[in-house]
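Step one of this worksheet: look at the structure below.
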Amino acid sequence: MSKTKRNFNFSGVVALILALLLAAIIIPINLIVNYFNFNIDTTPSKMYSLTDKTINLLDSVKDKNIEMYVLAKDVDDIEDFSKDDLALPLYYGLKQYSEYDNIKITCFDPQKNPNLAKTLDPEGFLNLSNGDIVLKCNDLVHRVSDLFIDVEDANGVIIEEKYVGENSIAGAIKTVTEGDIANIYFLTGHGEKTIKENYTFFEAQTKNANYDLDELNLSSVDAVPDDAKIIYICAPQNDITLSEKEKLMEFMSKGGNISLFLSPNEENFRYTNLEALLNEYNIVIHYDRIYETNSDMCKKDDPTTILFSLAAPDESQTFDLTSDLNEIVQSGIYPYITSSRSFGLVNGKNTAVLETAPLMQTAQGQSGYTSCSEPFGGTETDTESASGLFNLACYSYNKTNNSKLVVFGNAEFFDDKNCGEGYTIIPLYLSLSCISWMYDSEYNMEIPDKNRAYDYMHFDSEAKANKVLSIFVIAPLCVTAFGVIIWLRRRNA
């Protein structure tokens with residue numbers, strides 16, 4: 001009787017042993033990683049990790065007590081952000097901020113906890129809403145918003161999502177820990193409009209950006225205070241003195257900034273010293289008042305409240321203060337200015353070092369320019385009106401000493417009486433933009449945006465699409481089927 005030789009296939013046993021060994025290694029590793037919450041950020045832009053700039057900043061302010069309030073709907077804790085994939089960059093950022101003992105993070109829903117929102121913003125200056133973050137340190141408060149930006153293609157399809165929150169939050173931390181409150185001084189002593197009587201709403205708007213408003217009588221001090229960032233001169237009824245002009249010129253020679261709001265004044269005198277100051281910046285005061293002859297270009301029953309246009313910057317200008325506001329105008333907001341004088345731009349002795357340009361001008365209607373200038377105050381002997389294009393606001397920048405000057409033909413558009421009127425919103429925003437241009441109290445840490453890119457494949461034709469589809473779908477299926485067939489044929493070998 002012959003014996004049959006049997007061949008034993010150990011491949012299945014070996015595979016089983018290897019699988020068990022692999023599981024024995026991987027499962028404990030996963031448990032350990034999960035226990036210690038260990039993550040590796042493999043995204044190209046390191047979307048879920050703080051940059052070295054932020055870490056260095058946080059290390060440098062460990063001696064400062066920082067409060068961070070995160071406002072979001074249905075959120076009570078940092079972990080709530082982990083439930084939303086789109087909010088993961090913010091979630092991991094907050095987790096890393098919370099590792100610092102000096103940073104206290106509070107997450108809350110402002111609708112469910114309005115008292116806390118009121119405590120953060122008792123006077124409503126910050127206009128808090130869902131998605132905002134409030135940073136506090138000592139007496140400084142700063143609001144951060146718009147943490148995410150969607151980038152769309154020409155068809156309105158979102159092709160990229162940017163997380164800009166790290167740069168904004170880091171800048172806010174630096175602002176409240178190292179920044180100081182910038183002082184805007186309102187000049188007094190010449191019949192000007194005052195803060196408490198005329199500009200409390202404007203004071204609230206600037207306070208939101210860490211500016212502090214105060215009053216200054218130059219005749220009682222030797223010089224402009226060192227902490228002054230901007231001097232406001234609002235509707236003076238009399239000229240400044242020669243001594244005051246010299247103090248202002250000294251202030252500007254050191255890089256100081258001045259905003260003048262020179263409403264028409266019917267008194268028969270000249271602003272001789274203010275004229276001299278403006279002449280240094282190639283701007284001339286006109287003693288006039290602008291009105292409209294076209295009823296479609298002015299407020300009903302008030303020809304001195306006129307439509308104006310924002311001057312578009314040309315290629316020679318370094319600064320663009322109007323383009324963003326023009327987008328608001330194009331959305332349907334009509335810009336008006338009430339009772340304004342005009343200004344001229346000239347080539348003076350400092351032309352080589354100055355950049356001077358208009359900001360607001362009279363608007364052009366369907367039949368052309370219908371605005372007129374009537375003599376108003378001053379010592380002008382010409383009583384005839386002129387018509388055409390007029391400059392209602394201008395700016396000038398001295399490239400040598402970095403001083404900046406803006407002048408508006410009206411001081412009432414941003415006072416408490418007119419701020420609530422919708423037609424003054426554009427000149428108000430322009431004046432606020434000029435403040436930021438003159439002195440920016442925020443820090444930009446220049447941390448790059450974190451991109452969440454969406455991958456797309458573009459095909460010129462359906463045939464090419466089907467070809468690629470066959471490669472990536474059908475081919476793997478064929479390989480899988482081929483493998484199954486081989487396994488079935490050899491399983492009993």
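Small disclaimer: the values here were computed from a predicted structure and weren't measured. For this chain, numbers begin at 1 and follow the sequence in order.
Remark: Gln96 pairs with Leu50, Tyr92 by the side-chain contact (heavy atoms from CB on, under 4.5 Å) rule, at least two apart or across chains. Under the ring-ring contact (aromatic ring centres under 6.0 Å, His included) criterion, Tyr185 pairs with no residue at all, not counting sequence neighbours. Remark: Phe390 engages no residue in a ring-ring contact (aromatic ring centres under 6.0 Å, His included) (not counting sequence neighbours). For Asn113, the side-chain contact (heavy atoms from CB on, under 4.5 Å) partners two or more places apart in sequence, or in a different chain, are Phe108, Asn115, Leu116. In this structure Ser323 satisfies the side-chain contact (heavy atoms from CB on, under 4.5 Å) test together with Pro313, Asp320, sequence neighbours excluded. Listed by chain and number, the residues in a side chain to side chain donor-acceptor pair (under 3.5 Å) with Tyr429 amount to none (sequence neighbours excluded).
One N or O on the side chain of Ser60 and one on the backbone of Leu57 form a donor-acceptor pair closer than 3.5 Å.
Using a cutoff of 4.0 Å between basic side-chain nitrogens and carboxylate oxygens, Asp101 and Lys62 are not scored as salt-bridged. Ion pairing between Glu99 and Lys95 fails under the 4.0 Å rule for side-chain N and carboxylate O. Salt-bridge formation is detected for the pair Lys349/Glu280: a Lys NZ or Arg NE/NH1/NH2 atom is positioned less than 4.0 Å from an Asp or Glu carboxylate oxygen.
In summary, of the residues considered (Phe202, Phe414, Phe343, Phe186), a ring-ring contact (aromatic ring centres under 6.0 Å, His included) with Phe261 occurs for Phe414 alone. When each of Thr188, Val407, Leu187 is paired with Ile233, the side chain to side chain contact (heavy atoms under 4.5 Å, CB included) condition holds for Leu187 and for no other.
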How far apart are the C-alpha atoms of Ser339 and Thr305, what are their side-chain angles, what is the distance that settles it, and do they pass the side-chain contact (heavy atoms from CB on, under 4.5 Å) test?
CA-CA 6 Å; Ser339 188; Thr305 299; over 6 Å; no
Might you work through the side-chain hydrogen bond (donor to acceptor under 3.5 Å, both in side chains) test for Glu355 and Tyr395, ending with a clear yes or no?
CA-CA 8 Å; Glu355 178 180 317; Tyr395 80 84; 2.5 Å; yes
Between Thr338 and Glu412, does the side-chain hydrogen bond (donor to acceptor under 3.5 Å, both in side chains) criterion hold? Intermediate values first, please.
CA-CA 8 Å; Thr338 182; Glu412 285 69 53; over 6 Å; no
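Checking Asp132 against Tyr69 by side-chain atom types alone, no donor-acceptor pair falls below 3.5 Å. Residues Glu166 and Thr51 have side chains that bring a donor and an acceptor to within less than 3.5 angstrom of each other.
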